[in-house]
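Right, one structure below, let's go through it.
Computation of the quantities below employed the complete heavy-atom set of this structure, encompassing side-chain atoms and omitting hydrogens, waters and symmetry-equivalent molecules. Below, read A as the first sequence line, B as the second, and so on, with proteins coming before strands; counting in each chain starts at 1.
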Protein chains: 2
Amino acid sequence: MATVKGVDYELVVTRPPKDVTPAFLKMNPNGLVPVLQDGDFIMFEGNAIMTYLADKNGWKDVYPTELKARAKVNEYLHWHHTHARLGTPQVLVPLIMEGAGKASPAQLEMVQNTEVTIAKSVDIMEKLFVKPYIAQSTQPTVADYACYCEMDQLEIMDVFDFTKYPKTSNWMKRMKDVPFHDEIRATLNEFLTKMNLNPAPKK
Amino acid sequence: MATVKGVDYELVVTRPPKDVTPAFLKMNPNGLVPVLQDGDFIMFEGNAIMTYLADKNGWKDVYPTELKARAKVNEYLHWHHTHARLGTPQVLVPLIMEGAGKASPAQLEMVQNTEVTIAKSVDIMEKLFVKPYIAQSTQPTVADYACYCEMDQLEIMDVFDFTKYPKTSNWMKRMKDVPFHDEIRATLNEFLTKMNLNPAPKK
């Protein structure tokens, strides 16, 4: 989002658990990324970081200030954790661990359940799309950024058939028009290729 | 929070899955509570509902408008889902199901892991308390309301020794001073007693 909005920032790549130092744990006691450092102000939780940056910089397009529009964005951002977000811990990470021959029994079970896990979220997402973007807006908000980061990696890995969900598929096409989409996606693509999780696209 | 703030509201008790009608699914496609209906505006996700009500009614004490203070509240509210919140699906619900002789193998495993599950959250919570309340505030905010609802039920059920965590224990004592605490807790107490999950306090 900072790239799209053209603000200056420095990205510090931190890979838990190996990069989790005592100094990092002071910034985020969870020992996880992302963490934002803005002068002497430090915070964690990606969805809260996005709303902070939007409020600080007056980005009303991505985080509306109108009461009900904002409520719908927050509704999505909270829903996200127990649904779309699971694409990372319950799909991506187990697939990486399986590829490395290091998956736990629970992770192997998650690999088996990939399609069911994703379908649970996307079934509900399909109902959330009453407008072109996920939090009932006509342009992408932080809710779409949060959601798309999860869905995009599933699409690249080709582990789910999104075409059965027309509203979600059309939204995923629309999200590809967000400025810098391809440049930002290139890094993810490269990572998934390195992990052998980027199959050739289906014909 | 609506009780504490003295706004008029009607509480409609809805018990998923038995009360989940097609009309209810239109209000919340997840088929879960809570759901807020405010005129023709309908929303779900408890943490988002609290921030909506606070913004609508100008309750700056429970949801500060100052940028960084608000960011810390939002940071907690998002962290909540993957930590303190687990007290309900991973502790309370499995204990209820076990009591009813209906626990799945996964739920029986959760019952075994009760202390570990709670400790994971409370270990981090203890580090979040740099001020008297959880989101670095000097008075209770919606972050404390969200967190206390989870911790309070664990305290009533007596499934965890909070005394090992001085900052968290002191905060739990402070939360008992929130207006209407005892009246609101009475309903929970009654429910847990009905479920045989309210043991006599330890001497």
Side-chain angles (χ1 to χ4, degrees), chain A residues 25-26 28-32 35-36 38-58 63 65-83 85-86 89 106 109 120-121 123-130 135-136 142-143 146, chain B residues 25-26 28-32 35-36 38-58 63 65-83 85-86 89 106 109 120-121 123-130 135-136 142-143 146:
Chain A
L25 281 173
K26 272 192 87 167
N28 182 358
N30 300 286
L32 296 171
V35 171
L36 174 76
D38 181 15
D40 60 0
F41 182 67
I42 292 165
M43 68 181 291
F44 51 91
E45 287 294 331
N47 288 359
I49 289 173
M50 286 198 292
T51 61
Y52 167 79
L53 289 175
D55 273 343
K56 179 180 173 173
N57 295 293
Y63 193 45
T65 48
E66 190 279 319
L67 182 68
K68 289 171 187 174
R70 172 160 291 205
K72 281 289 155 190
V73 173
N74 289 333
E75 175 187 81
Y76 175 80
L77 290 180
H78 285 291
W79 180 85
H80 179 75
H81 298 283
T82 47
H83 293 82
R85 174 75 184 113
L86 301 179
E109 200 181 314
K120 262 189 206 165
S121 296
D123 275 343
I124 300 174
M125 275 171 58
E126 192 73 5
K127 291 172 192 130
L128 299 181
F129 282 110
V130 295
Q136 302 192 5
V142 290
Chain B
L25 280 174
K26 271 193 87 167
N28 181 359
N30 300 285
L32 296 171
V35 171
L36 174 77
D38 180 15
D40 60 0
F41 182 68
I42 291 166
M43 68 181 291
F44 51 91
E45 288 293 332
N47 288 358
I49 288 173
M50 286 199 293
T51 61
Y52 167 78
L53 289 175
D55 273 344
K56 180 180 173 175
N57 295 293
Y63 193 45
T65 48
E66 190 280 318
L67 182 68
K68 290 172 186 172
R70 172 160 291 204
K72 281 288 154 189
V73 173
N74 288 334
E75 175 188 81
Y76 175 80
L77 290 180
H78 285 291
W79 180 85
H80 179 76
H81 298 284
T82 46
H83 293 83
R85 174 76 185 111
L86 302 179
E109 200 181 313
K120 261 190 207 166
S121 296
D123 276 341
I124 300 174
M125 276 172 57
E126 191 74 4
K127 292 173 190 127
L128 299 181
F129 281 111
V130 296
Q136 303 192 5
V142 290

| field | Sidechain-backbone polar pair: B/N47 side chain, B/L77 backbone, donor-acceptor under 3.5 Å | value | yes
| query | Tell me, side chain or backbone of B/K68 under 4.5 Å from chain A's heavy atoms, or both, or neither? | reply | both
| request: List the steps and the verdict of side chain to side chain contact (heavy atoms under 4.5 Å, CB included) for B/T51 and B/V73. | output: CA-CA 10 Å; B/T51 61; B/V73 173; 5.7 Å; no
| query | By a 4.5 Å heavy-atom criterion (distance strictly below it), what part of B/H80 contacts chain A: side chain, backbone, both, or neither? | reply | neither
| remark: Looking only at A/L67, A/D55, A/L128, most heavy-atom pairs under 4.5 Å shared with chain B are made by A/L67
| Is the closest side-chain heavy-atom distance between B/H83 and A/N30 below 4.5 Å? | yes
| task | Go through the atoms of B/F41 and report whether side chain, backbone, both or neither lie under 4.5 Å from a heavy atom of chain A. | result | side chain
| field | Non-hydrogen side-chain atoms of B/R85 and A/T82 separated by less than 4.5 Å | value | no
| Pick from A/N74, A/D38, A/D123, A/I124: which one has the most heavy-atom pairs with chain B under 4.5 Å? | A/I124
| note | Comparing B/K26, B/M43, B/H78 against chain A, the one with the most heavy-atom pairs below 4.5 Å turns out to be B/H78
| In terms of heavy-atom proximity below 4.5 Å to chain A, should B/L25 be classed as side chain, backbone, both, or neither? | neither
| field | Residue A/K56 versus chain B: region with a heavy atom under 4.5 Å | value | both
| message | For A/A69, is there any backbone N or O sitting under 3.5 Å from a side-chain donor or acceptor partner on A/E66? | response | yes
| Region of B/R70 that comes under 4.5 Å of a non-hydrogen atom in chain A | side chain
| field | Contacting moiety of A/I42, where chain B heavy atoms sit under 4.5 Å | value | backbone
| request: Might you work through the side chain to side chain contact (heavy atoms under 4.5 Å, CB included) test for A/E45 and B/H81, ending with a clear yes or no? | output: CA-CA 11 Å; A/E45 287 294 331; B/H81 298 284; over 6 Å; no
| So how far is it from A/Y76 OH to A/K72 NZ, rounded to the nearest 0.5 Å? | 13.5 Å
